[in-house]
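Notes follow the structure.
Here is how names work: the chains are called A, B, and so on, in the same order as the sequence lines, proteins then strands, and each is numbered from 1.
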There are 2 protein chains.
Amino acid sequence: MSQTVDRALSILPLLAEGPADLGRVADRLGVHKSTALRLLRTLHGHGLVYRQSDQRYRLGARLFALAQEAMESLDVREIAHPHLVRLNETCGHTVHLAVHEDGEVLYIDKVDSRYPVRMYSRIGKPVAITVAAVAKLLLADLPEGERRAVAEKLDYPMYTVRSTPNAAAFLKELATVREQGWATDLGGHEESINCVAAPVRGADGRVVAAMSVSAPNVVVTADELLTLLPLVRRTADAISGEYSGRTPVKGTAE
Amino acid sequence: MSQTVDRALSILPLLAEGPADLGRVADRLGVHKSTALRLLRTLHGHGLVYRQSDQRYRLGARLFALAQEAMESLDVREIAHPHLVRLNETCGHTVHLAVHEDGEVLYIDKVDSRYPVRMYSRIGKPVAITVAAVAKLLLADLPEGERRAVAEKLDYPMYTVRSTPNAAAFLKELATVREQGWATDLGGHEESINCVAAPVRGADGRVVAAMSVSAPNVVVTADELLTLLPLVRRTADAISGEYSGRTPVKGTAE
DNA sequence: AATGAGCATTGCAAATAGTGCAACATACCT
DNA sequence: AGGTATGTTGCACTATTTGCAATGCTCATT
C-alpha cells in the first residue's frame, strides 16, 4: 500500500539471508543505489539494520529486542510455560508451544529434551505447516472456507515419504484432527521423529495455541510416544482452563 | 531520512508496549488515521504487524523469524556456544555472551544456571550498559573519542548504591577494564548479583564480544566468584582463538 | 428495534516527500 | 599513478503520500 515502506521492509528478509552491500540491496530491490541508501539509512536509524565494519549491512540489534518484547506480551506463552516445563520433567522429551498467524505457524516456546539426541527447532522459526502436528491442530480449527483457502495456497514439500502430499490429503487430515481433538506427526517431517499434539482453547472454545511432545525413534517408538497422549491432552486442557480464566491459577493470590 | 518509512518504523516500538488500535497509533504518530492505517497495512503485508481478532494491532510473527535468522548469522555466537555450555557445566552458573552495536549492548546467547536461583535476563534484551561487566569490556575497547562520546550520552540510573553514577566514573572504570583485560559487576545492577567477564577478540585484537559468569550472593560470594576469573578468561581466549582462525576447531575435519 | 456514538475505511485533489540522474568522493587494486 | 568499483550528495521532476470529508460498520444504550 505504501511503496516506500514496502521497499524498505523488503530489505529485511533480504538481509536475513546474510550481509549485503549497497549495490546488492539496490539490485535486489530494483531501485537506484541512492534510493536504497536512503532506505537503509532510515532502517539504520531505527536500529533494524546494522552497518558492519566492512560497510556491508546486516540485520540490527533492535530487531532482537522487538521480537523479545513481542514474545513477552503473548499471554498464552506466559501461562503455558510452567506446564510445559512440568510435562518435560515428567516425560523427558522436547515440548513445543505454537501459534497460528496469517497462514504461518510458529513456535513460541520450547523446553528441550533431557535426552542427548535432540530435534532441531528454534523459537520463532516457522514450522513445516503441512506436516507438523501443532500446525494441523491450529489450521483444523479455522472456519471451513478459510481452511480450504489456506490449504490450496500451500506448498506440499515431500520431506519424507510420509509427508502430506497435497491439499486434498491435508484437508482430509485436518477433518480427522478436528474431529478427534488431537494430532500426530509420525515421521512426516523427519523420517525418525514423531510428535503428538493437543490444542489449547480460549474461553470461546477456539484453538489459540497448540502444544506437542516430540521424540526421535531411537529414544521411543511411535507407539510408546502415543501412550503419552492422555498426559499431553490433560496438560493442554490445564493450560486452556487457566488461559480462559476457568481455573484459578495455583500459587497466585487474588 | 525517509519520512514515510520513519513513521512506519516508529510504529514497531509503539506496538512493542502492547496491542493498540488505529486511533491510538495515529495519535502517537501524530498523523491522520488514514495515514496510520496505510502504514499499518504495509507493515501487516510484511508480517511485521498482526491484527488480532479485536481489530487491534500487535507485533507480528515475521519479526521472530527475522530475529532468529539474524541471530543465526552471527558467527561469534556459533563458535562460542559450545564453550559457554562447557563453562556452565564446569561452574554451574549462568553464562552470557554479549555484543555491542550502535551504542547498545545486548545478550546474544545464554546458558542458564544449574542452581534454582536464577538471574533474570533474556537473549536479545539490551543490557544495563553502565554497570554490566560485559558492557564495560565492549565499550572499553572503543577508540578514545567514541568512548567519550558514548559515555557522555548515556543515562546513569542508580540501580543500586554501587551503580556507576556518572560519565566520569564510567570512563575511569573503562580505563581500568581496558588496562586489566577483564571486568566485574559487583552488585551494580542488582544488589545481590555479581558477575565476572572476559573479552573475545578478533584476529586484529579488537573486542568483538564479551562473556560473563553471573551468580547471586546466596549461591557464591563475590570473592568465590572471582576465583573463577582465570577459567572465564581461558574460555574467552579459546573462543577468540577459534574465532580469529588461529586455533583449529576440535572435532571438525578440514 | 431503533438510535447514535465510536471506530475503521475509501476516494480525491493538493503538495509534499521520494525518486533517479549525474557528478563527486573515496577506497582498493593493478 | 591510473583505473575500477563502491558509496555519497545536490537537484529538478513527478509519482507518492497526505489529510480531509464522507461512508460504512459494529456495538452499546434506550
Side-chain angles (χ1 to χ4, degrees), chain A residues 1-15 17-60 101-102 142-143 145-146 202-206 244-245, chain B residues 1-15 17-60 101-102 143 145-146 202-204 206:
Chain A
M1 289 265 115
S2 165
Q3 189 187 71
T4 320
V5 177
D6 191 49
R7 284 172 172 172
L9 297 182
S10 304
I11 294 178
L12 299 178
L14 193 159
L15 290 185
E17 296 168 19
D21 61 24
L22 180 60
R24 190 182 170 70
V25 173
D27 279 355
R28 295 277 305 261
L29 278 185
V31 298
H32 198 267
K33 281 189 304 178
S34 57
T35 304
L37 178 67
R38 281 178 292 241
L39 296 176
L40 281 164
R41 281 230 257 260
T42 311
L43 289 167
H44 178 93
H46 287 257
L48 298 183
V49 145
Y50 177 67
R51 188 146 203 204
Q52 37 188 37
S53 45
D54 63 350
Q55 300 227 100
R56 291 186 308 164
Y57 296 89
R58 59 171 177 71
L59 294 179
E101 186 174 315
D102 281 327
L142 292 178
E146 215 175 315
D204 54 0
R206 294 280 318 264
S244 56
Chain B
M1 288 265 111
S2 166
Q3 189 188 72
T4 319
V5 178
D6 191 46
R7 284 173 171 171
L9 297 182
S10 305
I11 294 178
L12 299 178
L14 193 157
L15 291 184
E17 296 168 20
D21 61 22
L22 180 59
R24 191 181 169 71
V25 172
D27 280 353
R28 295 277 305 261
L29 277 187
V31 299
H32 197 267
K33 280 190 303 180
S34 58
T35 305
L37 179 67
R38 282 178 290 240
L39 296 176
L40 281 165
R41 281 230 255 259
T42 311
L43 289 167
H44 178 92
H46 287 257
L48 298 184
V49 147
Y50 177 68
R51 188 148 203 204
Q52 37 187 38
S53 45
D54 63 351
Q55 299 227 103
R56 293 186 307 164
Y57 296 89
R58 60 171 176 71
L59 294 180
E101 187 175 314
D102 281 326
E146 216 174 314
D204 55 0
R206 294 280 317 261

Does any non-hydrogen side-chain atom of A:Val5 lie less than 4.5 Å from one of B:Arg38? no
Compare all side-chain heavy atoms of B:Arg41 with those of B:Leu37 and state whether any distance is below 4.5 angstrom. yes
Note, B:Val49 side chain near B:Leu12 side chain (heavy atom, < 4.5 Å): yes
Hey, does B:His44 have a side-chain heavy atom less than 4.5 Å from the side chain of A:Met1? no
Sequence neighbours left out, what passes salt bridge (charged side-chain N to carboxylate O under 4.0 Å, His left out) with A:Asp204? Give chain and number order. none
Measure CG/A:Leu22 against C1'/C:dA25 and give the value in whole Å, please. 14 Å
Min side-chain heavy-atom separation A:Tyr50-A:Leu59 under 4.5 Å: no
Could you check if a side-chain atom of B:Val31 sits within less than 4.5 angstrom of a side-chain atom of B:Arg7, using non-hydrogen atoms only? yes
If you fit an axis to the five pairs at each end of the helix from C:dA1-D:dT30 to C:dT30-D:dA1, how big is the angle between those two axes, to 10 degrees? 40°
CG/A:Leu40 to OG/B:Ser2 distance, rounded to the nearest 0.5 angstrom? 11.5 Å
Grab the two heavy atoms, one from A:Ala20 and one from A:Leu14, that are nearest each other, plus how far apart they are. CB-CD2, 4.3 Å
Counting C-beta onward and ignoring hydrogens, is there a side-chain heavy-atom pair between A:Asp21 and A:Arg56 closer than 4.5 Å? yes
Listing request: all side-chain hydrogen bond (donor to acceptor under 3.5 Å, both in side chains) pairs with a residue in residues 23-32 of chain B, at least two apart in sequence or in separate chains. B:Glu17-B:Arg28, B:His32-B:Ser34
Please determine, by modelled atom types, if A:Arg51 and A:Tyr57 share a side-chain donor-acceptor pair under 3.5 angstrom. yes
Would you kindly give the CG-to-C1' distance between B:Asp27 and C:dG6, to the nearest whole Å? 14 Å
Any B:Leu39 side-chain heavy atom under 4.5 Å of B:Leu29 side chain: yes
Neighbours of DNA chain D within residues 45-55 of chain A, by heavy-atom distance under 4.0 Å: A:Arg51, A:Gln55
Reading nucleotides 17-24 of chain C 5' to 3', which nucleotides get B (base under 4.0 Å from a protein heavy atom), which S (sugar-phosphate only), which -? SSBBBB--
Taking any heavy-atom pair under 4.0 Å as a contact, classify A:Arg56: base, sugar-phosphate, or nothing. nothing
With a strict under 4.0 Å distance from non-hydrogen atoms of chain A, what nucleotide opens and what nucleotide closes the contacted stretch of DNA chain D, reading 5' to 3'? D:dG7 to D:dT17
